[in-house]
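Okay, so here's the structure we're looking at.
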Amino acid sequence: MPESAEPQSPKQLSREQRWEIVKALLQRAEAKTDATQAFRDAYPNAPEEMLRTAVFHTYVDGVGAVLDWLVDLELFLEKPNHRLDLGATFHVLYHLYNWYQFQALLPEGRAGVLERLKEMKELLADGDTNAILATVEELESMFEGSRNYPDFQ
């Protein structure tokens with residue numbers, strides 16, 4: 001894809017164009033470094049710890065998780081007695097969920113944090129120290145980007 005072209009939604013690209021972009025990503029020798037710089041450029045106000053977490057869930061471990069899931073899907077098509085690996089699915093969901101949660105914090109890190117701080121003030125007024133501690137731990141989890149997706153069962 002020419003560099004002068006406007007960024008497009010993947011759905012607007014042909015299957016061949018998408019495949020070429022995926023190959024380019026998988027062949028990128030310095031994906032982690034490139035991603036770190038891209039996130040730093042896109043979110044100049046984000047702390048380094050947040051940027052590292054974003055890079056991890058997308059370009060460090062996220063790409064491998066998606067690749068494993070796609071391989072598992074193809075193995076099933078080749079041999080229908082192959083059981084799809086729920087671990088591969090969980091791994092993709094883990095990174096997607098954390099990216100989804102984290103993306104809301106990256107631009108300015110405010111919305112979810114302000115909500116939790118308001119909640120903590122109310123809990124403090126009620127004297128509920130256990131709930132305050134739980135809310136602090138939830139905030140830490142949000143910033144670390146290591147939350148498990150909800151159980152949909």
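All heavy atoms count here, side chains included; hydrogens, waters and symmetry mates do not. This structure is a prediction, so every number in the text was calculated from the model and none was measured. Residues take their numbers from the sequence shown, with the count starting at 1.
- The side-chain heavy atoms of Y94 and D61, taken from C-beta on, include no pair separated by under 4.5 Å.
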Hey, mind stepping through F76 and H82 against side-chain contact (heavy atoms from CB on, under 4.5 Å) and telling me if it holds?
-> CA-CA 5 Å; F76 177 75; H82 169 80; 4.2 Å; yes

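- By the rule that hydrophobic residues join a cluster once side-chain heavy atoms approach within less than 4.5 Å of another member, L67 and V60 end up as members of one cluster.
- If you take CG on N81 and CZ on R83, they are separated by 10.5 Å, rounding to the nearest 0.5 Å.
- Q27 contributes no side-chain N or O that, together with a main-chain N or O of A24, makes up a donor-acceptor pair within less than 3.5 Å.
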Y59 and L25: side-chain contact (heavy atoms from CB on, under 4.5 Å), yes or no, with the steps?
-> CA-CA 9 Å; Y59 293 92; L25 173 62; 3.8 Å; yes

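- Atom OG1 of T135 sits about 5.0 Å away from atom CG of L123, to the nearest 0.5 Å.
- The closest side-chain heavy-atom distance from M120 to V136 is below 4.5 Å.
- Here the side chains of V22 and L26 are in contact, with some heavy-atom distance below 4.5 Å.
- Taking each heavy atom of L13 and R18 in turn, the nearest pair found is O-NE, 3.5 Å.
- No more than 12 heavy-atom neighbours from other residues, nucleotides or ligands sit within 6.0 angstrom of CD on E30.
- With W69 as the fixed residue, the side-chain contact (heavy atoms from CB on, under 4.5 Å) test singles out one of L84, L93, V92: V92.
- With values rounded to the nearest 0.5 angstrom, M50 atom CE is found 8.0 Å from T53 atom OG1.
- In this structure, W99 has its ring center under 6.0 Å from that of F39.
- Here the side chains of K121 and K118 are not in contact, with every heavy-atom distance at 4.5 Å or above.
- Taking both residues in full, the closest heavy atoms of P44 and D41 are given as CD-O, 3.7 Å, listed atom of the first, atom of the second, then distance.
- With rounding to the nearest 0.5 angstrom, the CZ atom of R52 is 9.0 Å from the NZ atom of K32.
- The aromatic ring centres of H57 and Y97 sit 6.0 Å or more apart.
- Between the side chains of D85 and H91, no donor-acceptor pair is found at a separation under 3.5 Å.
- V63 is not listed as a side-chain neighbour of H95, based on a closest heavy-atom distance of 4.5 Å or more.
- With contacts defined as side-chain heavy-atom distances shorter than 4.5 Å, the pair I132/L124 qualifies.
- Taking the side chain as every heavy atom from C-beta outward, N130 and D128 approach each other to under 4.5 Å.
- With a 6.0 Å radius and a threshold of 12 heavy atoms from other residues, nucleotides or ligands, K79 has its NZ atom at or below the threshold.
- Between the side chain of Q12 and the main chain of S9, a donor-acceptor pair closer than 3.5 Å is present.
- Note: D72 CG to L77 CG = 10.5 Å, rounded to the nearest 0.5 Å.
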